[in-house]
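To keep things clear, I will list the structure first and then write my remarks on it.
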Number of protein chains: 2
Amino acid sequence: MYLKKIPDEHDCGISVALKIVGGKWKAWIINCISKGMIRPSQLHRELTVTSPRVINIHLRELEKYGIIDKIVHPGLPLKVEYFLTETGKSVLPIIDIMERWGDNHRQPVNEPDN
Amino acid sequence: MYLKKIPDEHDCGISVALKIVGGKWKAWIINCISKGMIRPSQLHRELTVTSPRVINIHLRELEKYGIIDKIVHPGLPLKVEYFLTETGKSVLPIIDIMERWGDNHRQPVNEPDN
DNA sequence: CAATATAGGGAAGAAAACTTCCCTACATGA
DNA sequence: TCATGTAGGGAAGTTTTCTTCCCTATATTG
């Protein structure tokens with residue numbers, strides 16, 4: 001979790017939603033968990049573009065916001081599993097529509113890149 | 001527009017969509033334009049939480065991505081108007097669903113704030 | 001004994017995003 | 001003449017977000 005100097009006010013729904021789904025990896029992580037990749041090591045293997053550290057940070061954040069639940073199975077070897085909460089499941093349509101839109105508008109957004 | 005050191009790859013639709021709708025003000029600006037606030041000075045007056053400079057930067061960016069069109073009416077005094085393109089209009093459902101979700105989940109996301 | 005797998009975090013640095021300050025240029029109204 | 005309204009940008013600074021490096025700890029496998 002990152003320290004914020006300026007508290008945000010959650011004045012509009014958009015900014016609330018962006019706390020969950022904005023950012024570079026959160027939506028992807030939520031997507032992965034919804035598809036059954038519920039153990040940290042699975043996520044680490046799938047998201048090789050980022051380091052495990054990055055995924056962990058986002059998992060803590062999503063847990064803090066009540067999007068995912070963490071279940072620690074007692075005993076060794078360690079076994080941890082993440083699940084989407086009801087709130088977390090309600091985010092999936094947002095991710096879905098964003099993914100569809102992005103897939104259909106890759107060109108116009110992509111072209112002007114320098 | 002901001003200079004980027006690391007080019008992004010647009011590998012997934014989510015990241016494409018977030019280029020338009022992520023960030024602190026872009027979704028809000030798109031929303032305002034769709035509601036008829038099409039002149040720069042109108043937007044500046046409405047979004048007093050940010051400086052005009054910030055809005056201008058985002059307007060350039062949205063224009064670059066083909067989300068809005070800029071029409072400069074010739075003659076003085078200067079008159080400029082922005083319109084959503086067809087691509088821009090197709091973004092509105094994303095903003096809408098994000099806003100709804102955020103309004104309905106203010107508490108769980110808001111609570112853990114320090 | 002060393003390597004790998006499990007799960008995770010502190011510190012520090014890099015990049016991206018946001019913000020403020022101050023500037024151009026023209027016209028109108030006080 | 002001076003203030004305000006129109007539209008906009010350069011430079012520099014701050015904040016937020018992302019990333020890398022290097023640690024802890026235990027169990028299993030080679």
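When reading the values below, keep in mind they use all heavy atoms of this one structure, side chains included, and skip hydrogens, waters and symmetry mates. Just so we're on the same page: letters track the sequence lines, and every chain starts at 1.
- Side-chain contact between L78(B) and V72(B) is absent, with no heavy atoms from C-beta onward closer than 4.5 Å.
- Closest of all the heavy-atom pairs between P40(B) and V80(B) is CD-O, 3.3 Å.
- Look at CD1 on I55(A): it is 15 Å from C1' on dT6(C), rounded to the nearest Å.
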(request) Start with the C-alpha gap between V91(B) and Y65(B), add the side-chain angles, then the distance that decides, and say whether side-chain contact (heavy atoms from CB on, under 4.5 Å) holds. (result) CA-CA 12 Å; V91(B) 177; Y65(B) 287 140; over 6 Å; no

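- The shortest distance between the side-chain N/O atoms of Y82(B) and the OP1/OP2 oxygens of dA7(D) is not below 4.0 Å.
- To the nearest angstrom, C1' of dG8(D) lies 12 Å from CD of E63(B).
- Relative to the side chain of R45(A), the nucleotides dT17(D), dT6(C), dG8(C) differ in distance, and dT6(C) lies closest.
- Within 4.0 Å (heavy atoms only), K26(A) reaches no atom of the nucleic acid at all.
- What separates CE of M37(A) from P of dA7(C) is a distance of 13 Å, to the nearest Å.
- Mapping S41(B) and G22(A) onto DNA chain D via the closest heavy atom, the residue that lands nearer the 5' end is S41(B).
- Between G23(B) and L18(A) the shortest heavy-atom distance is O-CD1, 3.2 Å.
- Residues R106(A) and G13(B) approach most closely at NH2-N, 3.7 Å, considering heavy atoms.
- Atom CG in L47(B) sits roughly 13 Å away from atom P in dT20(C) (whole-Å rounding).
- One atom, CG of L18(A), and another, P of dT17(D), lie 11 Å apart when rounded to the nearest Å.
- Taking both residues in full, the closest heavy atoms of W25(B) and L47(B) are given as CE3-CD2, 4.4 Å, listed atom of the first, atom of the second, then distance.
- Closest non-hydrogen pair, S90(A) versus W101(B), comes out as OG-NE1, 2.8 Å.
- Side-chain atoms of D96(A) never come within 3.5 Å of backbone atoms of L92(A) as a donor-acceptor pair (strictly under, hydrogens ignored).
- Side-chain N/O atoms of K79(B) include none lying less than 4.0 angstrom from OP1 or OP2 on dG8(D).
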(message) Return a single string for nucleotides 19-30 of chain D, one symbol per nucleotide in 5' to 3' order, where B is base contact, S is sugar-phosphate-only contact and - is none, cutoff 4.0 angstrom on heavy atoms.
(response) BBB----SS---

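- Between the axis at the start and the axis at the end of the helix from dC1(C)-dG30(D) to dA30(C)-dT1(D) there is an angle of 20°, using five pairs per end and rounding to 10 degrees.
- Rounded to whole angstrom, the span from the CG atom of N56(B) across to the P atom of dT6(D) amounts to 13 Å.
- The salt bridge (Lys or Arg N to Asp or Glu O under 4.0 Å) search around K26(B) returns E61(B), not counting sequence neighbours.
- To the nearest angstrom, P of dT6(D) lies 14 Å from CD1 of I38(B).
- If you measure from atom CG of L43(B) to atom P of dG5(D), you get 17 Å, rounded to the nearest angstrom.
- Of all nucleotides listed (dT17(D), dA7(D), dA7(C)), dT17(D) comes nearest to the side chain of K4(A).
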